[in-house]
Chemist: 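This is the structure I want to talk about, given as structure tokens.
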Amino acid sequence: MSDYFLALTDHYKAVRARLNAPRPTPRPALVAPPPEPAPEPEPPPPEPEREPPGPAFRFTPSAAKAIVREALAPHGMTFEQAMGPSRTMPYIAARTAVYVALRRHGWSLKKIAIYCNRDHTTVMNALQNWINTP
């Protein structure tokens, strides 16, 4: 046989001997000291005093009609006219006045949007533009 084959055979014998060798005995595990007791948790901070709720307001259609009528009086429009599809400035100003009035009375964006048949983001955008106008 060739020298290469003999060298390769010797190599494989050495590898097999290493793989089949008995495993060394594992070292004994180090004994860890007992864990320190956890410190007692601090008591939670006292809750801040909450402001008393504002005036009780019911989201009724009759209450909303009164708010809307008052908001639209300077514009000389009815609710149906103000909430129409027109995009001209007088109608936009009237709609924004309605949104602002309802928001000041504690209505959420979603409730205003449902009442005015709009999307809540439309109401949010109108209120943002109203705040940012000089």
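Computed from heavy atoms alone, side chains included, the values below leave out hydrogens, waters and symmetry copies. Small disclaimer: the values here were computed from a predicted structure and weren't measured.
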Chemist: Check whether more than 12 heavy atoms from other residues, nucleotides or ligands sit under 6.0 Å from atom CG of D10, and answer yes or no.
Modeler: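 Above 12, so yes.
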Chemist: State plainly whether one hydrophobic cluster holds both L102 and Y91, where clusters connect Ile, Leu, Val, Met, Phe, Trp and Tyr through side-chain heavy atoms under 4.5 angstrom apart.
Modeler: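 Different hydrophobic clusters.
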Chemist: Nearest 0.5 Å, what's the CD1-CZ distance between I112 and R95?
Modeler: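 Reported to 0.5 Å precision, the distance equals 14.5 Å.
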Chemist: Which heavy atom of A113 sits nearest a heavy atom of D119, and at what distance?
Modeler: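 Looking at all heavy atoms of both residues, the shortest contact is CB-C, 3.6 Å.
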Chemist: When you compare the side chain of M77 with that of P90, does any pair of heavy atoms fall below 4.5 Å?
Modeler: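 Answer yes - side chains close enough.
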Chemist: Ring centres under 6.0 Å, that's the criterion: do Y115 and Y99 meet it?
Modeler: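 Not under 6.0 Å, so no.
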Chemist: Looking at R69 and A73, would you say the former's side chain and the latter's main chain have a donor-acceptor pair under 3.5 Å?
Modeler: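 Judged by distance alone, no pair lies under 3.5 Å.
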Chemist: Taking Q81 for its side chain and T78 for its backbone only, find out whether a donor-acceptor pair lies under 3.5 Å.
Modeler: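 Yes: the side chain of Q81 pairs with the backbone of T78.
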Chemist: What's the separation between atom CG in L8 and atom CG in D3, rounded to the nearest 0.5 Å?
Modeler: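 Here the interatomic distance stands at 12.5 Å.
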Chemist: Does one hydrophobic cluster hold both I131 and M124, with members joined at side-chain heavy-atom distances below 4.5 Å?
Modeler: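 Same cluster.
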Chemist: Once rounded to the nearest 0.5 Å, what's the spacing between atom CD1 of I67 and atom NE2 of H105?
Modeler: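 Rounded to the nearest 0.5 Å, the CD1-NE2 separation comes out at 4.0 Å.
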Chemist: Using a 3.5 Å distance criterion without hydrogens, assess whether the side chain of R118 forms a donor-acceptor pair with backbone atoms of M83.
Modeler: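 Judged by distance alone, yes, a pair lies under 3.5 Å.
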Chemist: Can you tell me how far apart CG (L72) and CD (E70) are? Round to the nearest 0.5 Å.
Modeler: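 One finds 10.5 Å between CG of L72 and CD of E70.
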Chemist: For the OG1 atom of T9 and the OH atom of Y4, what is their distance to the nearest 0.5 Å?
Modeler: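 T9 atom OG1 to Y4 atom OH measures 10.0 Å (nearest 0.5 Å).
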Chemist: I'd like to know if I114 and V98 are part of one continuous hydrophobic network [Ile/Leu/Val/Met/Phe/Trp/Tyr, side-chain heavy atoms within less than 4.5 Å].
Modeler: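 In one cluster: no.
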Chemist: What heavy-atom pair brings A71 and A97 nearest, and what distance separates the two atoms?
Modeler: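 Looking at all heavy atoms of both residues, the shortest contact is CB-O, 3.7 Å.
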Chemist: Do V68 and L127 sit in one hydrophobic cluster, given that two such residues count as connected whenever their side-chain heavy atoms are within less than 4.5 Å of each other, even indirectly?
Modeler: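 In one cluster: yes.
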Chemist: Closer than 3.5 angstrom, by distance alone: can the side chain of N125 be matched with the main-chain N or O of T121 as a donor-acceptor pair?
Modeler: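 Between the backbone of T121 and the side chain of N125 there is no qualifying donor-acceptor contact (under 3.5 Å).
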